Protein chains: 4
Amino acid sequence: MSNTIIVHESGKLMISNEVETGKQMNALVYKGPGKKAWEKKPKPSVLEPTDALVKISKTTICGTDLHILKGDVPEVTDGRILGHEGVGIIEEVGTAVTEFRKGDHVLISCISNCGKCASCKKGMYSHCEKGGWILGHLIDGTQAEYVRIPFADNSLYHIPENADEEALVMLSDILPTAFECGVINGQVKPGDTVAIIGAGPIGLAALITAQFYTPAEIIMIDIDDNRLEVALKFGATQTINSNNENAVEKIMTLTEKKGVDTAIEAVGIPATFELCELIIGAGGHIANVGVHGKSVSLHLETLWAKNITITTRLVDTVTTPMLLKTVVSKKLDPAKLITHRFALKEIVKAYDVFQNAAKEKTLKVILTNE
Amino acid sequence: MSNTIIVHESGKLMISNEVETGKQMNALVYKGPGKKAWEKKPKPSVLEPTDALVKISKTTICGTDLHILKGDVPEVTDGRILGHEGVGIIEEVGTAVTEFRKGDHVLISCISNCGKCASCKKGMYSHCEKGGWILGHLIDGTQAEYVRIPFADNSLYHIPENADEEALVMLSDILPTAFECGVINGQVKPGDTVAIIGAGPIGLAALITAQFYTPAEIIMIDIDDNRLEVALKFGATQTINSNNENAVEKIMTLTEKKGVDTAIEAVGIPATFELCELIIGAGGHIANVGVHGKSVSLHLETLWAKNITITTRLVDTVTTPMLLKTVVSKKLDPAKLITHRFALKEIVKAYDVFQNAAKEKTLKVILTNE
Amino acid sequence: MSNTIIVHESGKLMISNEVETGKQMNALVYKGPGKKAWEKKPKPSVLEPTDALVKISKTTICGTDLHILKGDVPEVTDGRILGHEGVGIIEEVGTAVTEFRKGDHVLISCISNCGKCASCKKGMYSHCEKGGWILGHLIDGTQAEYVRIPFADNSLYHIPENADEEALVMLSDILPTAFECGVINGQVKPGDTVAIIGAGPIGLAALITAQFYTPAEIIMIDIDDNRLEVALKFGATQTINSNNENAVEKIMTLTEKKGVDTAIEAVGIPATFELCELIIGAGGHIANVGVHGKSVSLHLETLWAKNITITTRLVDTVTTPMLLKTVVSKKLDPAKLITHRFALKEIVKAYDVFQNAAKEKTLKVILTNE
Amino acid sequence: MSNTIIVHESGKLMISNEVETGKQMNALVYKGPGKKAWEKKPKPSVLEPTDALVKISKTTICGTDLHILKGDVPEVTDGRILGHEGVGIIEEVGTAVTEFRKGDHVLISCISNCGKCASCKKGMYSHCEKGGWILGHLIDGTQAEYVRIPFADNSLYHIPENADEEALVMLSDILPTAFECGVINGQVKPGDTVAIIGAGPIGLAALITAQFYTPAEIIMIDIDDNRLEVALKFGATQTINSNNENAVEKIMTLTEKKGVDTAIEAVGIPATFELCELIIGAGGHIANVGVHGKSVSLHLETLWAKNITITTRLVDTVTTPMLLKTVVSKKLDPAKLITHRFALKEIVKAYDVFQNAAKEKTLKVILTNE
C-alpha cells in the first residue's frame, strides 16, 4: 500500500494513487501538458469506510478533459488518471456504505458529495467541503478499468433494470450540467424564447432539457453548420451560424426587438458571454454554463436598469435522480448525443476523434470496458 | 394650450410642457448641463383621461437629479422640471380615473405604470411600455408646486389618515429601490450575512429594509465615517471604512473565509461592483442597485464555478403598498433618513446642502410647499 | 336606455341588462332553475369608458353553465344571458380603452379585471374588487350575438393573425383554469408522477398542460371508458376506471407505495377529493380544480405529518398570454378538445349534446355566430 | 448485550433497548398508558458505525410526551425511554462518524436523518426512510442520563462556544417546528397580517419566529389569559380570548373584512382548524402545526374559489443551522420560553408542573443532568 498526499488549492488534503499492492489495471494517465498515455496503474481499493470500488463498464470523454490536457487546470498533476463520467458495477464497498453492495450496477456522478457538510445540506454538492469535482481532477478518475468512489452512498445512483446504460453515461455530467446550470438557472418557462450559444454536447444537452419546460422558441447559435443541423433535429426552432449572420440583429428581429427571456452561454469565452448581454430582454436570465479562463466585460451602463439575472454554477448533480426517472419513462433520450463508440483500450484514438469534433462530427463518444 | 412633443430614445412619444394658458406656478427647471433655476412655469393640467393633477405638499432631491444636472442623462432636455418623488393633494382627475378624487392625499411613485401592457401585467412596471421612470425625466416632475401624474390610478397611493407624510416621501423612490433592487433581489434571509457597499441614502435604506428578513450580520462599507456611524445606529452589525481598512480581508476574516451570502452594490462604480465579486460566497447573491456609467470586469474565470447570482433592476415600486403597511404599523421608520428641511422655494439652497453631503452630513432633505 | 341595478352578494353593485333602445339581438337567456331560451334581447352598448362591445364570432358551453341552469348558482337571476367564453370582433370601445379598437379580433377572458385594485396588482384577478367572474353570472354573457366587456384593456387579448380562432375559445376558461388551478398550483415538475381525477374537459385540459413540465407519469382516473381512451391519446401514461378497479390500490402499486407527487381534483365532489387524500405521497400537492357544493373530510389525523400542500383557486387567467404563445408556436393544440360544432342559433340543441356527454362522447362544443 | 427488535408500522425494523451489559443509568420510562417511572435502565452504547453516544446535559418535556403518556401514540411501547430534545456532550462515536468527536458539545435534533435516502436528499428529513422522529418514540430518547443518537453526523449540531445551552434546548424541536411548519409554510411576509391559534409553547415559538419576516400584525388567539399576556410581551399586536370574544368577528373587523394573510394552527383540534378556514383571506395560507387525532371539515363549498393554500408538515429540522446562527447573533432569544427549571432526577415533578400548565403558568421546563 502506498499513498501520495496532495494538497488541493482550497486547502483540502486529498489522498491520491491509492494502491492495492500487486494488482494492476489499465488507465488513461495525464503525463503533464499535452501528454497522456494508456498504461498500467495499480488497481485502486477501498480506503475509507464510505468508499466503493467500481469496475467501469462504460465511460466517455468530456471537453474538460481536453482543457486538462492543454495544461489549463494546474491542480491536475502528472500521473493522474483522467475521467469523471461513467457507469459500472460495484466490486467492493467500505463498512459504512449502506445503499450499495457488490454487483450493483451504478451511475457515477461527476460530483462527489459527503452529504454532511453545510454545502451538501443546502444541496450545493459542487461545493462539498470534502468532495465536489474531484474525480479525474484531485483524485484518480473513471477512464480506467476500476475507480475508487468516495462517499459512495451519496455519489452513486442505482441503475434500474433494463435501462440503457450507454445513455446513462450522459447523466454523469453533461445532462445535469446543462439542465442545472443552463435550464434551471435560466428559469426556462412554458412559452418563453430561449437562446443557447454553443451547440456542442453541453449546448445540445441544454437544448434537450430546456424542452422539459416547453418554451415557445429555442434559438441555437454556433459556427458549425453540422451541429446546427443536429440542433434542428433535437428541437431547436431557429438556428443562427454567427459566422454568416449577425446574431444580435437576427434575434432582435425574431423577438420584435424585445430580446430573449433566457440566454444560455455554453461556450466559455468573452465573445459568447457578451453576446448574451446584447440579446437578453428586460427581465431576462443569462445562465452561464461555459468554463471561462478570462474575465468578461459586464455592460452595467446599459444593464443596470434592465432587471436581469446572471447566474454561474458548477453542477451540483441534485437533479440526477429526476433525470434518471425521465430516461426510464422515455421522456428523455440522451443516447442521441452519442456519435462514436470505442473499446476502452482504444481511448487514445477516441481522444483524437473527440478533439477533431468538427471534422469527425463528434458529439459524445462511448468507451466500453470489454 | 400649447404642447411640445418630444421623442424618447425608445421611440415613445412624450408630451411635455403641458400648459393651461395663463396659470403659472414655480418650479425647479433644468437649464442644460450644470444649470438649474427656480422659475415661473405654466401650471400643468389634466391632458389624458387617466391623468391626475397633484398639488405638491412635500418633495425631495435624489442623487439621480444630481446626475441629470451634470448632463449625464441626455434624454433630459433644457426646460424640464426635475423631481420624481413627493406627496401631495389631488387637485383634479381625468374622466377615466376611478380610484382617486379631488382632495385625496397621495403618495407619488417615481415609476408611472399603465397597468395594461405586458410588462405591467408581469409586475415589471419599470419597463411599462408607456410609463416607467418618466417623471422629471421625459415629462415634467415633482419639484414644483403642481405636477401632472399620468396613469394616476396605478401610479399614486392613498395616504392613510394620520400618517407621517414626510416619512412617506421616502417611499416614492429610495425605499422601494433599496428594498426591491437590493434586498429582495439579494434574497436576504434570516441568519444571513449581508454586505452593503455604500452608506448613502440608498445604502442606508437597504440596511433598514434588509432587517425585514432578520439577517444575522449586516456589514456596511463606505469611506465616510459619519455615514458609517449612522449605519451602526440603523442596525449595521459591522462597519468598514474601505479607505482605512482592506475590506476584502476584513470580510473574509469575519466570515471565516466563506464570503457573504448577499452583497448589495449601492454606489455605481466599477470598484464597488468588483468588490462585491471578491467578497461574495459560494451560492451567494450580488444585487446591483447603483446606477452605472461604465462597464465593469466580471471575473468569470473564478466566478463561473461559484454558483452565484447577479441581479440588476430599475425599481418597479411593486412593494410600495407593502412598505406603506409597514410604515403605518411602525415596523419601518423611514423618517430617520431625513436630515434637513427647507421650504420648497428654498430648493436651490437645498440642492447645495444635498450636494455637499459629506460636509453637511446630509442624507435626505425635505422640501415643503408652504 | 333602461338599466337594472342588482346587488351582488359581495356587496358590489352591478349594472345589468344595459340596452341601447330599439336595437335587438338573439341570446341564450336563463329563465330560472331548469329553464333557458334562445330569444330576443336588447343589444348591449358601451356604458363605461373602459368597456368594449364585442360581436361574438364563436362561443362554447361550460360545465358551470349547467350548474347555473340547475339553480345551483343563486346569484344568477332570471333574464341573465349566459356564457363566459368566446372570441369575437370589437364593434366599439369606450373612451378610456387604449389597447383595442374597432375591428380587432379578440379572445374574451372569463375573468374581468380592473387592473387597479389590490387583488389585480397581486395578479389575483379572480378576486378583482370590481370584476372577477362576472360574465354570464352577474352581468350578461357571451352566448349571444353581442356582449359588453368591462375593463376591456385588461380582459381581452389580441388574436394573432392566422391563429385558429376555434382553438382559442378553449383559452377563455378551461385551459387557464386547468393550468393555473391544477398544474401550476399542483407544482408539476419534470420526472413527477401526477394523478388527475376526472377526465372531463377540465381534467383533459390539465392532462394537456401538465405535459408542459414533462412529468414522468400521468395517471388519469374516471368512470367513463371513452374519456379514458381520449386521455391515453392525449398523453396519459396510465388510466384507471374507478368503477372497475380500486384506484388507491392500483396507484400504490404503480408508485411502489409512495403515492403521487401531485393529485389534481377535477370533479368537485367529496369522494374524488378524498381519493386525492388517499393517494398523495409525502411532500405532495393536492390541487383542487373542481367546483364543490359540500364540505369534505380532511383527514388531518393522518395528513398532519405528511408534509403536503392543498390548494384551491378560482382561475386568474394570468397565464392567458403565455398560453396564447404556446398555441401560436404549436406547442399546445387545444382544438383537440372540440368534439361538436353548431351554429350559435342552434345553441339549445348544443346544450342537449353537452349535457348528454357520456352518450354523445362530448367534450367541448363550438357555437359559431354565422 | 440484549436487543429487542420492534417493527414500526411503516415496516421499518428498529433496534431498541440496546445495552452495554453491566452499566446502568437513570431514565424516565414509559410504563404503558398513564404510567411512567424514573428508574434504572442499561446505559446505551454505540451500535452502528454512524451512532454517537451522548451524555445529556439538559433536556425538556414536550406536549407530545403527554400525548404518549395518555396512550395516544400506540407505537410507543412499554419500557421506552421518552424525550426527543436536549443538549449534551459526546461520550463516544462510531467508526463512520466524521463530524463529531468525544467531548463535543452538541444540540440533539428531534429528527434523525440518514442523509442518503430520497427524502433526505430533498431536505424532507421528517420522512427519512431510516430515521425521522424516532427518539423517544421508536428508540430510546433523551430524558435520561445518556442517549444513543443514530446518524450522528446528520442529526447533531455543534454548539458554539459561550452559547446559552439552555436556550438551545428549544432548538431541538419547538423552534424549528413552529418556524418550518408554521412560519415558512405559512409564507409570512413583511407587511402581512398573521393569526396564530394557540399560545402554548409552539404557538409562542411561531410568534417569535414569525417576526423574522416583519409582518405588520400578529393576532394571537387562545383561551388562557396568562398566555395571551405573554404573547403581547413576545410581540403580538393583538390578542383574542376566544372564550370571551367572537374571534371571527373580531378578526374580520381588524382586517376590514379581508381576513388574514396567514393562519397558523397550533392546537390540533377540529375547532381551531375550522377557525382558520373562517378567518383566512383570499390568497391566504393556512399552516397546520398541531398534531391532530381526528379529521376536520374542509369547507370547499366556500374555499374552492378562495385561492388558498393549506399545508401540513412534520418538522424537518432543515432550518436548525440557520436558527443556531440567529441565536448566536442575538436575533432570537428562545430562552424566554423557559419558565421552570429542575434537576433531571426531579423529572416526575417537572411532568406535573408541565401538565398543570394553566395553573403553574408553565411554558417550557429545563431539566439539568447535574
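Note that the structure is predicted; figures quoted are calculated from it, not measured.
- Put simply, the side chain of C/Asn288 reaches to within 4.5 Å of the side chain of D/Leu300, judged on heavy atoms.
- C/Thr309 has its side chain out of reach of D/Ile310: every pair of non-hydrogen atoms, C-beta onward, lies at least 4.5 Å apart.
- Counting all heavy atoms, side chain and backbone alike, C/His127 lies closest to D/Ala282 at CD2-CB, 3.5 Å.
- By a heavy-atom distance cut of under 4.5 Å, D/Met124, D/Ser126 are the residues of residues 117-126 of chain D near chain C, going up by number.
- Listed here is the closest heavy atom pair of D/Ser295 and C/His299: CB-ND1, 3.6 Å.
- Separating the CZ atom in D/Arg313 from the CD1 atom in C/Ile308 is a distance of 13.5 Å, to the nearest 0.5 Å.
- Across C/Lys294 and D/Glu301, no two heavy atoms sit closer than the pair C-OE1, 3.4 Å.
- Proximity to chain D (any heavy atom under 4.5 Å) is restricted, for C/Asp316, to the side chain, taken from C-beta onward.
- Residues of residues 250-279 of chain D placed with any heavy atom under 4.5 Å of a heavy atom in chain C are listed by number as D/Phe273.
- In terms of heavy-atom pairs under 4.5 angstrom with chain D, the leader among C/Val291, C/Asn307, C/Leu314, C/Val296 is C/Asn307.
- Pairing each heavy atom of C/Trp304 with each of D/Thr312, the nearest pair is O-CB, 3.5 Å.
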